[in-house]
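Only one structure is covered here, and it is reproduced in the block below.
The analysis underlying the following values was restricted to heavy atoms, covering all of them including side chains, and did not include hydrogens, waters or symmetry mates. If you're wondering where the values come from, they're calculated on a predicted model, not measured in any experiment.
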Amino acid sequence: MTGNAFLLPLAHWIAMSFALVALLGCLYTLLAARAVRRFAAAPGPEATVFPAVTLLKPLHGDEPHLYDNLASLCQQDYPGAIQILLGVQDRVDSAIAVVHRLMEQWPQRDIELVVSPISPDRFGANAKVANLIGMQAQIRHEIVLLADSDIGVGRGYLATVVAALSQPSVGLVTCLYRGAAERRFWPRLASMAIDYHFLPSVLIGVSTGIARPCLGATIALRRDTLAAVGGFDGFVDHLADDHALGEAVRSLGLQARVAREIVTHTCAEQSLSELLQHELRWARTIRAVSPGGYIGSFITHPLPFALLAAALMSGGAAGIGIIAVTLVCRLILQLQVDATVCVRMNRWWLGPARDLLSFAVYVAGFFVDAVHWRGRRYEVRPDGTLTPMGNR
C-alpha cells in the first residue's frame, strides 16, 4: 500500500471520529437546553420562617458596579434581621469609599465595615478566604451567607436561599449565576462564556448527579455547620475554596442544594488579555476540582470538531451539513438560556466566535499551572492548593 493510499482511509476515519464527537456534542447541547428550561420551570420551596442572617462580602478595590451589587443586599424583601459585613484587608482600599456611601444611603441597615490587615504569608495564599477569616469573629446570626464581591441579586434572593436551607438534611445552599455585561465587546464575550457554557454544564451535571456544585456566587449555611468544619481557616490555601467548603459540609452527612435563584456576575473585562486571565483561572479551577470531568467536557464543544470534520471531508455536503446542524443546536441553547435568564442583549451572532474561543481556553487549561488573581500570580499545586509567585 502506498503512502497516499494509506493516508486517505486514515483521514476518512479521523473525519468520521470528529463528526461523531460533533454530533454527540449536538445531543449534549439539546439536553443542556432542556435542563435549562426544566430548572426555570421547577418550583422551589417557599420560605415560612425568616431566621436572622449575616451576609459576608470580601471586597478588593472599587470594582465596576460594586455599589449596585452591594445595594442589592440592602433591597431584600426579607422580614428577618440582616447583618451585612463588608471586609477589606487594606486601610486605603478604594472599596471603603463605596462602603461609606452605602452606609449613608441605607442608614437603617446593619452594615459594618471590617478592616483586617492580614498577611497571606501568615494566613495562607487565598486572600479572599483570609478576608473572610477577618470577618469571622463579627458574625452574630444563625444563618451565614457569603458571596463574591461581583455578585448582584434580586429582591427575593435571601428568602429563596433561606427556604432551600430550611429543608431537611440540607447543610449548604449555593446559587448559579449568569453574566451581567455592559454593551461592550469584551464584557459581552465574557458573559457568553458563563451563560452558554458554564451555566448549562452545571445544570446537566446536577440533573445527572455528576456535578456537586458549591459556587462562590452564594454559599449559605448555618453558623454551627461552619463551626463544625473548622470555620474558614481550613480553606485558605485552596484555589477552589468554595468547592472545598462544600465537600467539607457534605462530609458531615449533610446535603448541598442549588437554590432556584440565578444571581448575576459582573463582567467588566477590558481586553482580550484580561478575559483570558479570568477564563484560564476558571478552567484551571475546574480541572483542579474534577480532572476527569474536565477531560470529558470536550463533548461540550461540538463546533471545533464539526469544523475539523468538514475540513477533512474537503468541504463536502456532509461536512457542511454537520456544521449547520451544530450551529443550529448551539443557537437553540443560546436562545433558551437568554429566555431563562431574561437577557435581551443581541449577542447570538457572536456565538460561533465565543464557542471557538471557549474551546481554545479549554485546551490551554491542560497546560496552565499558574493563575492570576487580584493582581497576584499563583502556582497551582497538584492537590489544588496555591503557592504565591509574586506580584504583577
>> Which label fits Phe305 and Phe298: parallel for a plane angle under 30°, tilted from 30 to 60°, or perpendicular past 60°?
In response: perpendicular
> Looking only at heavy atoms, which two atoms of Asn69 and Ser72 are closest? And how far apart?
Replying inline: O-OG, 2.6 Å
> Which pair of non-hydrogen atoms, one from Phe235 and one from Asp241, has the smallest distance, and what is that distance?
Replying inline: O-CB, 3.8 Å
What pairs of donor and acceptor atoms, side-chain ones from residues 32-44 against any protein atom, are under 3.5 angstrom apart with sequence neighbours left out?
none

> Is it the case that Arg330 places NZ or CZ above or below the six-membered ring of Tyr196, under 6.0 angstrom from the centre and within 45 degrees of the axis?
Replying inline: no
>> To the nearest 0.5 Å, what is the distance between CG on Leu221 and CG on Leu146?
In response: 7.0 Å
>> If we ignore hydrogens and angles and just use 3.5 Å, is the side chain of Arg354 paired with the main-chain N or O of Leu189 as donor and acceptor?
In response: yes
> Rounded to the nearest 0.5 Å, what separation is found between the OG1 atom of Thr174 and the CG atom of Leu215?
Replying inline: 4.0 Å
> Arg184: what forms a side chain to side chain contact (heavy atoms under 4.5 Å, CB included) with it, not counting sequence neighbours?
Replying inline: Glu182, Pro187, Gln270
> Is there a donor-acceptor pair under 3.5 Å between the side chain of Tyr177 and the backbone N or O of Gly216?
Replying inline: no
> Which pair of non-hydrogen atoms, one from Gly351 and one from Gln334, has the smallest distance, and what is that distance?
Replying inline: CA-NE2, 3.7 Å
> Linking I/L/V/M/F/W/Y whenever any side-chain heavy atoms sit under 4.5 Å apart, do Leu102 and Val98 land together?
Replying inline: yes
> With distance as the sole test, does Gln255 use its side chain to make a donor-acceptor pair with the main-chain N or O of Leu172 at under 3.5 Å?
Replying inline: no
> Val162: what forms a side chain to side chain contact (heavy atoms under 4.5 Å, CB included) with it, not counting sequence neighbours?
Replying inline: Pro51, Val53, Tyr78
> Are the side chain of Thr264 and the backbone N or O of Ile151 linked by a donor-acceptor pair below 3.5 Å?
Replying inline: no
> Does Lys57 reach the main-chain N or O of Leu70 with its side chain, forming a donor-acceptor pair under 3.5 Å?
Replying inline: no
> Within a strict 4.5 Å, meaning less than it, do heavy atoms of the Leu350 and Met192 side chains meet?
Replying inline: yes
> Taking C-beta and beyond as the side chain, do Thr218 and Tyr157 meet within less than 4.5 Å on heavy atoms?
Replying inline: yes
>> Working note: Val380 + Arg287, criterion side-chain contact (heavy atoms from CB on, under 4.5 Å); need CA distance, chi angles, decisive distance, verdict.
In response: CA-CA 11 Å; Val380 184; Arg287 184 160 71 90; over 6 Å; no
> How about Glu63 and Ser149: does a side-chain donor come under 3.5 Å of a side-chain acceptor?
Replying inline: yes
>> Membership question, hydrophobic clusters at under 4.5 Å side-chain separation (ILVMFWY): are Leu199 and Ile210 in the same one?
In response: no
> Are Leu56 and Thr54 side-chain neighbours, meaning at least one heavy-atom pair lies under 4.5 Å?
Replying inline: yes
>> Less than 4.5 Å apart, side chain to side chain, heavy atoms only: is that true for Pro302 and Val21?
In response: no
>> Is there a side-chain contact (heavy atoms from CB on, under 4.5 Å) between Thr300 and Thr29? Walk through the geometry before answering.
In response: CA-CA 7 Å; Thr300 68; Thr29 298; over 6 Å; no
>> Under the salt bridge (Lys or Arg N to Asp or Glu O under 4.0 Å) definition, can you give me all pairs with a residue in residues 251-265, not counting sequence neighbours?
In response: none
>> When you measure from the side chain of Asp148 to the backbone of Asp150, do you find a donor-acceptor pair of N or O atoms at a distance under 3.5 Å?
In response: no
>> Would a single hydrophobic cluster contain both Leu303 and Leu31, if residues Ile, Leu, Val, Met, Phe, Trp and Tyr are joined by side-chain heavy-atom contacts under 4.5 Å?
In response: no
> Any donor-acceptor pair under 3.5 Å linking the side chain of Arg178 with the backbone of Ser191?
Replying inline: no
> Under the side chain to side chain contact (heavy atoms under 4.5 Å, CB included) test, which residues partner Leu280, sequence neighbours left out?
Replying inline: Val361, Ala364, Val368
> Looking only at atom types and distance, does a side-chain atom of Asp195 sit under 3.5 Å from a main-chain N or O of Gly179, one as donor and one as acceptor?
Replying inline: yes
> Which value, rounded to the nearest 0.5 Å, describes the distance between Gln83 atom CD and Glu112 atom CD?
Replying inline: 6.5 Å
>> Would the distance check show the side chain of Tyr28 and the main-chain N or O of Ser297 forming a donor-acceptor pair, the cut-off being under 3.5 Å?
In response: no
>> When you measure from the side chain of Arg155 to the backbone of Gln75, do you find a donor-acceptor pair of N or O atoms at a distance under 3.5 Å?
In response: yes
>> Just checking His265 against Trp282, ring centres under 6.0 Å apart?
In response: yes
>> In the structure I gave you, are the side-chain heavy atoms of Val161 and Cys175 within less than 4.5 Å of one another anywhere?
In response: yes
>> Tell me the closest heavy-atom pair linking Ala240 and Thr285, and the distance in Å.
In response: CB-CG2, 3.6 Å
> At what distance, to the nearest 0.5 angstrom, does CG of Leu30 lie from CD of Gln336?
Replying inline: 11.0 Å
>> Once rounded to the nearest 0.5 Å, what's the spacing between atom CD of Glu46 and atom OG of Ser166?
In response: 10.5 Å
> Do Asp90 and Pro117 have side-chain heavy atoms sitting under 4.5 Å apart?
Replying inline: no
> Which pairs with one or both residues in residues 199-214 pass salt bridge (Lys or Arg N to Asp or Glu O under 4.0 Å), sequence neighbours excluded?
Replying inline: Arg212-Glu247
> Yes or no on side-chain contact (heavy atoms from CB on, under 4.5 Å) for Tyr67 and Asp62, after CA distance, side-chain angles and deciding distance?
Replying inline: CA-CA 8 Å; Tyr67 177 82; Asp62 183 5; over 6 Å; no
>> One pair to check against side-chain contact (heavy atoms from CB on, under 4.5 Å): Asp110 and Ile82. What are the steps and the verdict?
In response: CA-CA 7 Å; Asp110 180 8; Ile82 303 173; over 6 Å; no
> Measuring from Ile111:CD1 to Leu55:CG, what's the distance to the nearest 0.5 Å?
Replying inline: 10.0 Å
> Do Leu308 and Val325 belong together in a cluster built from hydrophobic side chains that touch within less than 4.5 Å?
Replying inline: no
> Which pair of non-hydrogen atoms, one from Cys74 and one from Ile84, has the smallest distance, and what is that distance?
Replying inline: SG-CD1, 4.0 Å
>> To check you understand the geometry: which heavy-atom pair defines the closest contact between Ala22 and Ala306, and what is its length?
In response: CB-N, 3.6 Å
> Can you find a heavy atom in the side chain of His301 that is under 4.5 Å from one in the side chain of His197?
Replying inline: yes
> Have Asp233 and Gln136 got a donor and an acceptor in their side chains that come within less than 3.5 Å?
Replying inline: yes
>> Between Arg188 and Arg347, is there a side-chain heavy-atom distance shorter than 4.5 Å?
In response: yes
> Applying the 4.5 Å side-chain criterion to the ILVMFWY set and letting contacts propagate, would Ile286 and Val363 be lumped into a single cluster?
Replying inline: yes
